[in-house]
Amino acid sequence: MSTQGVATVLGVLASFLLALAAFLQQRAARTTTRRGRSLLGSLARLMGSLVRHPTWLMGWLVNLVGFFVQALALHLGSVASVQPLLATQLLFALPMASLERRRWPRPRDWVSAALICAGLVLLLGVVQVTDLDGAASRARVVLAVVAVVAVIVVAIPLAARLGSPKAVLLVAGSCSGLCFAMTAVFIKLTATDLVDHGVGYTARDWVGYALAASTLVGLVLEQVAFANGPLPWAVATKEAVNPLASYAIGVLAFPVVFPTDPGTLAAVSGAGLLIVLGAWGLGGSTSVRDWLVREEDRHEYAKI
């Protein structure tokens, strides 16, 4: 098998492992008490419960292995060929989420998930055409940080006040995608610091601490999304927002010209349409509505 073939296999394996990690973490998050878990003030309580939960810890371990396999795949293959494979997480997450209900996904679920994955693959293919090379503008990175923080500070409490688990899931999943997009930018800046200035400078630079903060906040918000609804919704929301935010932040902070040619714009529009159609189909699926709540939550769900 060629090196690129090995990279492809590893990319699919990484996608499976990341989906499995999300499944395990979501199972742990869903067993936490519903009381107060969608409120901003309950985040510490939620994480305090999860870090002591064996299933969640197993999911975290699988997550680390998945990232290692992803890194190995990226080392052997190109970013443009490996990253789109990670969009297939939803196709793995869908049957995993069905295991808990002992009900195989309906054809509508598979078609909807495939549409979302196809849209993400197309979007990632367009996004990866232009590598984010060159020196980033630190001032514009700070501007991106301020924008992301403002969105989180406004959106999370608003979703909590709505009192709907679906709203909390969508907002928390989207905000986690924003955080992980910032994490990607901070990883690039931190790596540049290490190569150009050494460990001492990197330890004093604010970027490394911002990397830790964005990763931690993204992790917490991801668990909030897991705790408030079905796995396919949480995975689809995060995976749809992350590449869009990553590219937008990259264009803002790095010397990249936003594409205006008709072919690229048509591809982005087509990707958006596929994602929207898939999300609409998945959102209206009776299977996903069944996954939304546990038996003891059915009475509460009837009010949503």
Side-chain angles (χ1 to χ4, degrees), residues 4-5 7-23 66 69-70 73-74 77-98 104-131 169-170 173-174 176-178 180-181 184 222 225 229-248 250-251 258-259 261-289 291:
Q4 185 58 51
T8 300
V9 172
L10 290 175
V12 174
L13 176 60
S15 180
F16 169 78
L17 290 173
L18 293 175
L20 178 59
F23 169 68
V69 174
Q70 178 188 357
L74 289 170
S78 64
V79 173
S81 63
V82 173
Q83 284 300 100
L85 296 174
L86 299 180
T88 61
Q89 286 181 53
L90 185 57
L91 294 179
F92 292 116
L94 190 63
M96 289 178 186
S98 299
W104 192 247
R106 294 180 172 88
R108 172 174 177 163
D109 305 329
W110 286 112
V111 172
S112 299
L115 286 174
I116 293 175
C117 291
L120 290 173
V121 169
L122 180 58
L123 179 63
L124 287 168
V126 174
V127 167
Q128 296 297 343
V129 168
T130 305
D131 291 329
L169 182 151
L170 293 174
S174 298
S176 71
L178 291 176
F180 290 132
E222 185 180 38
L231 181 63
W233 280 7
V235 172
T237 302
K238 184 189 70 172
E239 294 303 319
V241 170
N242 181 267
L244 286 171
S246 296
Y247 191 61
V251 170
F258 186 81
D261 60 284
T264 300
L265 294 179
V268 172
S269 300
L273 179 61
L274 290 173
I275 292 172
V276 169
L277 289 175
W280 175 78
L282 202 59
S285 168
T286 56
S287 297
V288 173
R289 290 174 66 87
W291 292 328

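Remember, predicted model here, so these are calculated numbers, not experimental data.
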Applying side chain to side chain contact (heavy atoms under 4.5 Å, CB included), run through Trp110 and Leu94 and close with a yes or a no. CA-CA 8 Å; Trp110 286 112; Leu94 190 63; 3.9 Å; yes
Hey, what do you get for CG (Asp109) to CG (Leu91), rounding to the nearest 0.5 Å? 11.5 Å
Check whether any side-chain heavy atom of Leu17 lies under 4.5 Å from a side-chain heavy atom of Phe92, and answer yes or no. no
How far does CG of Asn242 sit from CZ of Phe180, to the nearest 0.5 angstrom? 8.5 Å
I need the minimum non-hydrogen distance between Thr237 and Ser174, along with the two atoms involved. CG2-OG, 3.3 Å
Please answer whether the main-chain N or O of Gln89 pairs with a side-chain N or O of Ser15 as donor and acceptor at a distance below 3.5 Å. yes
Can you see which heavy atom on Ala93 is nearest to which on Ala19, and at what distance? N-CB, 4.1 Å
Shortest non-hydrogen contact from Gly173 to Ala225? N-CB, 3.7 Å
Apply side chain to side chain contact (heavy atoms under 4.5 Å, CB included) to Phe23 and Val235, showing your working. CA-CA 10 Å; Phe23 169 68; Val235 172; over 6 Å; no
Scanning both residues in full, the closest heavy-atom pair of Thr88 with Cys117 reads CA-SG, 4.0 Å
Candidate list Leu90, Leu120, Leu274, test side chain to side chain contact (heavy atoms under 4.5 Å, CB included), partner Leu115, passing option: Leu274
Identify the heavy atoms of Leu169 and Trp233 that sit nearest to each other, and give their distance. CD2-CB, 3.6 Å
Shortest non-hydrogen contact from Ala240 toward Ile275: CB-CG2, 4.2 Å
